[in-house]
Amino acid sequence: MRDGHNGYGPSAGTPEAREAAADEFTARGFPVTADRAFITAGTSEAIDLCLSALVDEGSDVLVPMPTYPLYPAVLSKLGARPRFYRTEPARGWAPDLDHLRSMITPSTRVLVVIDPNNPTGATYTAATRRALLEIADRHGLVILADEVYGDLGYAGPLPSIGSLDPDAAIISFSSLSKAYLAPGWRTGWMGVGRSPRLNEVTAALGKLADGRLCSTVPMQYAVTAALRGDRSHQVSFRAALQERATLTTSSLCAMPGVSCVAPTSGFYAMPKVALPPGRTDEDYVLALLRATGVLCVYGSGFGMPAADGFLRIVFLADPDELRSIYALMADFTRGYLNA
């Protein structure tokens, strides 16, 4: 900003940022050229632009459940329909592939894959990823690969799903928000795969990008600095997240009536509370807030049935603070379930 980079920029992004994003996708095994990389106002805008390019009113889009709420919100705006496919906590929140197949209709255009996952903290096996690629190919679907947590797998950065089939029709998303700890900068990028099926999509994305002038120009210089610079902070960040994930899982599973699948990436967990009949996840979350000041997000906000008792926890706080929080939750839950 001091150097005067405060004017409008190219609609698709500055050349340096696009080249850095393309090189990053390619290094993860998903070859992308700079002319098929776009810089956006966070991954949220990338999702909006892609769905606007790919679907029409009345189109169907396969979305995982629980889901990131932006997807159904954008689809509602476009007059398209989300078709929710289940993920299974008993299998580490892996997609139920048979259920996914049953959701496909002649109007289905897109398969959304959020891996690593928000809100569950899950990561998918290579076998699951290959199955998703096969389903998309068989039915002529474009995969929107939401990979913004890809650097935050506890075992290390994860390859893109596109690394398993670089010729598949995939558009991948990432951003500065998570692994670079700058969510307020609202800067992301997307890479359109080399499949010829996506040539017209790439042109459409360019037109849609032109329609909003450009994303935030000063922050685009951070894309190049981040992707070509020192990432040593991510090693300690991943270790800190894993410590908190282990503490969170053990603390939740020790609470009466609570179970939790251990997350393998990111900073979310999605426990389940065995609610009394007639009560909802929202009832529990609001009662917990009023009694303790501890705020979670109820699972029905992510598309889960309200009676199932799921909620999402963000465990970024200091471990000692988390211990105090989980002690409050345990005392509250014991009384709530026995009332």
Side-chain angles (χ1 to χ4, degrees), residues 20-21 23-30 42-44 64 66 68 87 89 91-94 113-129 145-164 172-191 219 222-253 260-271 296-297 312-323 325-326:
D23 289 348
E24 175 71 6
F25 286 120
T26 301
R28 290 179 179 272
F30 179 47
T43 293
S44 299
Y68 181 51
T87 59
R91 296 179 52 243
W93 290 109
V113 177
I114 308 174
D115 176 23
N117 190 264
N118 174 12
T120 65
T123 52
Y124 299 162
T125 64
T128 295
R129 289 175 159 205
D146 190 333
E147 300 181 316
V148 297
Y149 299 90
D151 282 319
L152 300 185
Y154 303 150
L158 286 93
S160 170
I161 188 174
S163 66
L164 297 174
S172 176
F173 309 129
S174 194
S175 80
L176 293 177
S177 296
K178 306 305 187 296
Y180 297 95
L181 289 78
W185 288 12
R186 308 310 305 135
T187 302
W189 51 91
M190 60 178 159
M219 303 315 176
V223 174
T224 306
L227 297 183
R228 300 203 189 282
D230 180 12
R231 306 187 194 192
S232 59
H233 73 279
Q234 293 180 1
V235 177
S236 58
F237 189 33
R238 285 191 292 268
L241 291 177
Q242 185 170 23
E243 177 190 6
R244 288 159 172 79
T246 300
L247 171 62
T248 296
T249 304
S250 61
S251 298
L252 290 169
C253 289
C260 183
V261 177
T264 54
S265 64
F267 38 79
Y268 305 120
M270 199 157 196
C296 306
V297 183
R312 190 190 73 170
I313 287 175
V314 182
F315 50 77
L316 284 168
D318 180 84
D320 287 338
E321 188 174 3
L322 287 174
R323 290 185 184 92
I325 289 168
Y326 297 142

Are the side chain of Arg231 and the backbone of Leu227 linked by a donor-acceptor contact shorter than 3.5 Å? yes
Sorted by chain and residue number, the side-chain contact (heavy atoms from CB on, under 4.5 Å) partners of Thr224 (sequence neighbours excluded) come out as Glu16, Ala17, Ala20, Arg228
Applying side-chain contact (heavy atoms from CB on, under 4.5 Å) to Trp93 and Asn117, what does each step give before you reach the verdict? CA-CA 9 Å; Trp93 290 109; Asn117 190 264; over 6 Å; no
Mind running side-chain contact (heavy atoms from CB on, under 4.5 Å) on Thr249 and Phe315 for me, showing each step along the way? CA-CA 10 Å; Thr249 304; Phe315 50 77; over 6 Å; no
State, to 0.1 Å, how close Thr87 and Pro66 come at their nearest heavy-atom pair, and which atoms those are. OG1-CD, 3.4 Å
With a 4.5 Å limit on heavy-atom distance, are the side chains of Ser175 and Arg186 in contact? no
Can you name the nearest heavy-atom pair linking Pro64 to Ile114, along with the distance? CG-CD1, 3.9 Å
Drop me the distance from Arg91's CZ to Thr128's OG1, to the nearest 0.5 angstrom. 6.0 Å
Do Thr187 and Val223 make a side-chain contact, defined as non-hydrogen atoms from C-beta onward lying under 4.5 Å apart? yes
Could you report the tightest heavy-atom contact between Ala126 and Leu164, atom names first, then the distance? O-CD1, 3.9 Å
Would you call Arg244 and Pro319 a side-chain contact if the rule is heavy atoms closer than 4.5 Å? yes
Testing the basics here: between Phe173 and Met190, what is the closest heavy-atom pair and its distance to 0.1 Å? CD2-CB, 3.6 Å
Taken in chain and number order and not counting sequence neighbours, the residues that satisfy salt bridge (charged side-chain N to carboxylate O under 4.0 Å, His left out) with Asp318 are none
A side-chain contact here means heavy atoms from C-beta on lying under 4.5 Å apart; do Ser177 and Thr43 qualify? no
Please enumerate all residues that pass ring pair (Phe, Tyr, Trp, His ring centres under 6.0 Å) together with Trp185, with sequence neighbours excluded. none
Provide the full list of ring-ring contact (aromatic ring centres under 6.0 Å, His included) pairs with a residue in residues 226-248, sequence neighbours left out, each pair given once. Tyr180-His233
Of all heavy-atom pairs between Leu247 and Ser250, which one has the smallest distance, and what is that distance? O-OG, 3.1 Å
Exercise: identify the closest heavy-atom pair between Asp115 and Ala122: OD1-O, 4.2 Å
Do Asn118 and Arg312 make a side-chain contact, defined as non-hydrogen atoms from C-beta onward lying under 4.5 Å apart? yes
Would you be so kind as to tabulate the donor-acceptor pairs closer than 3.5 Å made by side chains of residues 146-159, with sequence neighbours excluded?
from	atom 1	to	atom 2	distance (Å)
Asp146	OD2	Tyr71	OH	2.8
Glu147	OE1	Ser160	OG	3.0
Glu147	OE1	Ser172	OG	2.5
Glu147	OE2	Ser160	OG	3.4
Glu147	OE2	Ile161	N	2.9
Tyr149	OH	Tyr268	OH	2.8
Asp151	OD1	Arg28	NH2	2.2
Asp151	OD2	Arg28	NH2	3.1
Tyr154	OH	Ser265	O	3.4
Tyr154	OH	Gly266	O	2.8

Heavy-atom check, side chain of Glu24 versus side chain of Ser174, under 4.5 Å: no
So, Thr264 side chain and Thr123 main chain: donor-acceptor pair closer than 3.5 Å or not? yes
For Tyr326, check ring pair (Phe, Tyr, Trp, His ring centres under 6.0 Å) against everything at least two apart and list the hits. none
